[in-house]
S.K.: 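Once you've had a glance at the structure underneath, I'll fire off some questions.
The chains referred to below are lettered A, B, ... by the order of the sequence lines, with proteins before strands, and numbering in each begins at 1. Note that these values count all heavy atoms, side chains included, but never hydrogens, waters or copies made by symmetry.
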Amino acid sequence: MDKKVRVRFAPSPTGGLHLGGVRTVLYNYLFAKKYNGDFIVRIEDTDQTRYVPGAEEYIFETLKWCGLEPDESVQHGGNFGPYRQSERKETYRKYAEKLINEGHAYYAFDTPEELEKMRHAPIAIGDKTEQSHTQQYDHTIRMKMRNSLTLPSEETHRLLEEGTRHVIRIKMPEHETVSFTDMIRGEVSFDTSVVDDKVLLKADGMPTYHLAVVVDDYLMQISHAFRGEEWLPSAPVHILLWKYLFGLENMPQWAHFPLILGPSGKLSKRDGAKYGFPVFAMNWTDPNRGDLTEGFKEKGFLPDAFINMLALLGWNDGTEQELFYKEELIEKFSMERVHSAGAKFDYEKAKWFNHEWIKRFEVAGLKLQVGELLKGNGLTVSDEAYLEKVIHLVKDRCTLLTDFVQQSSFFFQAPENIDTGAIKPKWNDAKQLFFVELIRNYQLSPDWHTTTLESNFKEIAAANDLKPGDLMLPFRIMLVGGKFGPGVFEIASLIGKVETIRRIEQALSLMK
RNA sequence: GGCCCGUUCGUCUAAGGGCUAGGACACCACCCUUUCACGGUGGUGAUACGGGUUCGAAUCCCGUACGGGCUACCA
């Protein structure tokens, strides 16, 4: 690679960042870091009508949470700014005019009504007319429209001088094969006769994506341009623009990532709501409609797990390894091993990744997040060492971070609901007496170790001719409220003598 | 409709001409566990179809089917 690696992620601030977007960021980031390059985030806000307040901040917060921070952006600075396209408005027009002067583009004055009429006019196919598809604004029709190609030049000048609303469209060659090498798909080629004369500069003076990407990728010295597969059909427009404006030899290398699919077709926000899994990285509330779309973060995912899962959705290193630290991903990532086929998102597998990451994390790495989570759920966490012991005891049984609440709340406060229904049917006086005796024994116990608690428990059971197995479930329910959690004696040991006895007494009073 | 991309267990994928197509998730069974999980062992399960090329094809070529994307003064 002769040029310095510089890649960009170019989102438009129109809403939350979903799985596919984050994966695009990830692959860009991994590639940049692998080759000691720069990762740039450029905000593509050229469509004023779709601008959503807060979306831009949301994108940066998401990148921060994921640990995929850019080297250059609106927020991070850099020498190639501004990094917001609306602030670069002035720079695009001159490139569009250059294209016109060189015969590769033209002014078009057609009104929305005229365009509408053109699109839906019946067209003759053989001896019958068809209307099965909409007419494109292309070489077959441009000479019948109102533009600088059909109008006398004085008329064009007059219209321009009068400030008539107009756009600038690319003049696609009639029959030319445009091909390029995609790093993932290999050679891809298109016949220019089937692609339309895309608008490059809109009536409001803003560029469309097509012009803006090419100009900005050039100006920002982008060496590799990666994006989703949905952009493949418009690639010939971009290639041609590169050829006309900056030279093919300066064009970045392209790669188009496969799409991430939902249970039925393309993954959408609706799939999340319908099937009960998040599609956005973090919670997103649409400021206009006020509806909330759940995020992986709030759902209880660890950023490392989220990133790991996304990396493997369309890429693997060729071995059977599935768990990767970010540094390993950077080291092992290669564009050639990215799949060309779309991947269906599987939430079960995503949860598995999270579980694995919770297990592989040290207690210390979880402490902060779990502590906050518990406090957020109204639990009082005062003793750090105590919290560490609790996490150590329950982490392996938590798939999502949020599972820590249910799995450990009883360590911090007595259960509110005791599932007495699970023990009442088999309850009797003998058991009642056993627990009374257990309280007396525990009260006098000189130490409070797990093993002591267990052996005393069993001795008393044996002395009363009861099976320990019949008593442990009731004991568990008294302490935690239900049929879950780590070993009972470990729980008792951790919550302490006073609390253990208090909970047994409390439950006993409920059994009468 | 047109153009482009794609197609290996239900899902994510390995195997880029040559052993009984491997792994992971999910599922099932058993073991462990005097709760629920974790964990362990094993099992069910795939090369879309049809033609070529070749001694030999999941792998290369062609066609068909199916899936997806695009076809806006949206990105």
S.K.: With heavy atoms under 4.0 Å as the rule, sort A:Gly228 into base, sugar-phosphate or nothing.
M.R.: nothing
S.K.: Is A:Arg88 salt-bridged to A:Asp216, cutoff N-O under 4.0 Å?
M.R.: yes
S.K.: Let's see if you can work this out: which of B:C74, B:G39, B:C70 has an atom nearest to the side-chain heavy atoms of A:Lys359?
M.R.: B:G39
S.K.: Please determine if A:Lys351 and A:Glu348 form a salt bridge, counting it only when a charged side-chain N lies under 4.0 Å from a carboxylate O.
M.R.: yes
S.K.: Suppose you measure atom P in B:C62 against the same atom in B:U7; what distance do you get, rounded to whole Å?
M.R.: 14 Å
S.K.: Please tell me if A:His339 has a side-chain N or O lying less than 4.0 Å from either OP1 or OP2 of B:G68.
M.R.: no
S.K.: Taking the side chain as C-beta and beyond, is there a heavy-atom pair between A:Val480 and A:Lys483 under 4.5 Å?
M.R.: no
S.K.: Roughly how many Å apart are B:A24 and B:U44, using the P atom of each and rounding to a whole number?
M.R.: 14 Å
S.K.: Would you mind telling me which of B:A72, B:A24, B:C73 lies closest to the side-chain atoms of A:Asp196?
M.R.: B:A72
S.K.: Can you check the distance between B:U47 and B:G40, where both ends of the measurement are the C1' atom (answer in whole Å)?
M.R.: 31 Å
S.K.: Taking N and O atoms by type only, does the side chain of A:Lys349 place a donor or acceptor under 3.5 Å from a partner on the base of B:A24?
M.R.: yes
S.K.: Using purine N1 to pyrimidine N3 plus N6-O4 or O6-N4 for Watson-Crick, or N1-O2 and O6-N3 for G-U wobble, each under 3.5 Å, what pairs with B:G63?
M.R.: B:C49
S.K.: So does A:Arg227 get a side-chain nitrogen or oxygen closer than 4.0 Å to the phosphate oxygens (OP1/OP2) of B:C70?
M.R.: no
S.K.: A:Val199 near the nucleic acid: base, sugar-phosphate alone, or nothing, with a heavy-atom cut-off under 4.0 Å?
M.R.: sugar-phosphate
S.K.: State which of B:C38, B:C25, B:C4 makes the closest approach to the side chain of A:Asp396.
M.R.: B:C38
S.K.: If I pick the P atom on B:C60 and the same atom on B:G18, what distance separates them, to the nearest angstrom?
M.R.: 11 Å
S.K.: Looking at every strand, decide which applies to A:Val195 at a 4.0 Å heavy-atom threshold: base, sugar-phosphate, or nothing.
M.R.: nothing
S.K.: Starting at the 5' end of RNA chain B, which residue's closest nucleotide do you reach first, A:Pro207 or A:Glu187?
M.R.: A:Glu187
S.K.: Say we look at B:U64 and B:G1: how far apart would their P atoms be, to the nearest angstrom?
M.R.: 14 Å
S.K.: Among B:A14, B:C4, B:C74, find the nucleotide with the atom closest to the side chain of A:Arg337.
M.R.: B:A14
S.K.: Can you give each donor-acceptor pair under 3.5 Å made by side-chain atoms of residues 164-173 of chain A, sequence neighbours left out, with the distance rounded to 0.1 Å?
M.R.:
residue	atom	partner	partner atom	Å
A:Thr164	OG1	A:Leu159	O	2.8
A:His166	ND1	A:Thr164	O	3.0
A:His166	NE2	A:Arg93	NH2	3.1
A:Arg169	NE	A:Asp197	O	2.8
A:Arg169	NH2	A:Asp197	O	3.4

S.K.: Side chain of A:Glu348 only, heavy atoms from C-beta on: which candidate in B:U13, B:C12, B:A26 is closest?
M.R.: B:A26
S.K.: Return the nearest nucleotide to the side chain of A:Ala341; candidates are B:U7, B:C70, B:G10.
M.R.: B:U7
S.K.: Relative to the ring of A:Phe489, is the ring of A:Phe457 parallel (under 30°), tilted (30 to 60°) or perpendicular (over 60°)?
M.R.: perpendicular
S.K.: Before we go on, tell me: are the rings of A:Phe257 and A:Tyr27 under 6.0 Å apart, centre to centre?
M.R.: yes
S.K.: Looking only at atom C1', what distance separates B:U41 and B:A46, rounded to whole Å?
M.R.: 24 Å
S.K.: Both A:Glu356 and A:Asp110 contact RNA chain B. Which one's nearest nucleotide lies toward the 5' end?
M.R.: A:Glu356
S.K.: When all nucleic acid strands are considered with a 4.0 Å heavy-atom cut-off, which category describes A:Lys351: base, sugar-phosphate, or nothing?
M.R.: nothing
S.K.: For A:Ala203, answer base if it contacts any base atom (sugar-phosphate contacts may also be present), sugar-phosphate if it contacts only those atoms, and nothing otherwise; contact means non-hydrogen atoms under 4.0 Å.
M.R.: base
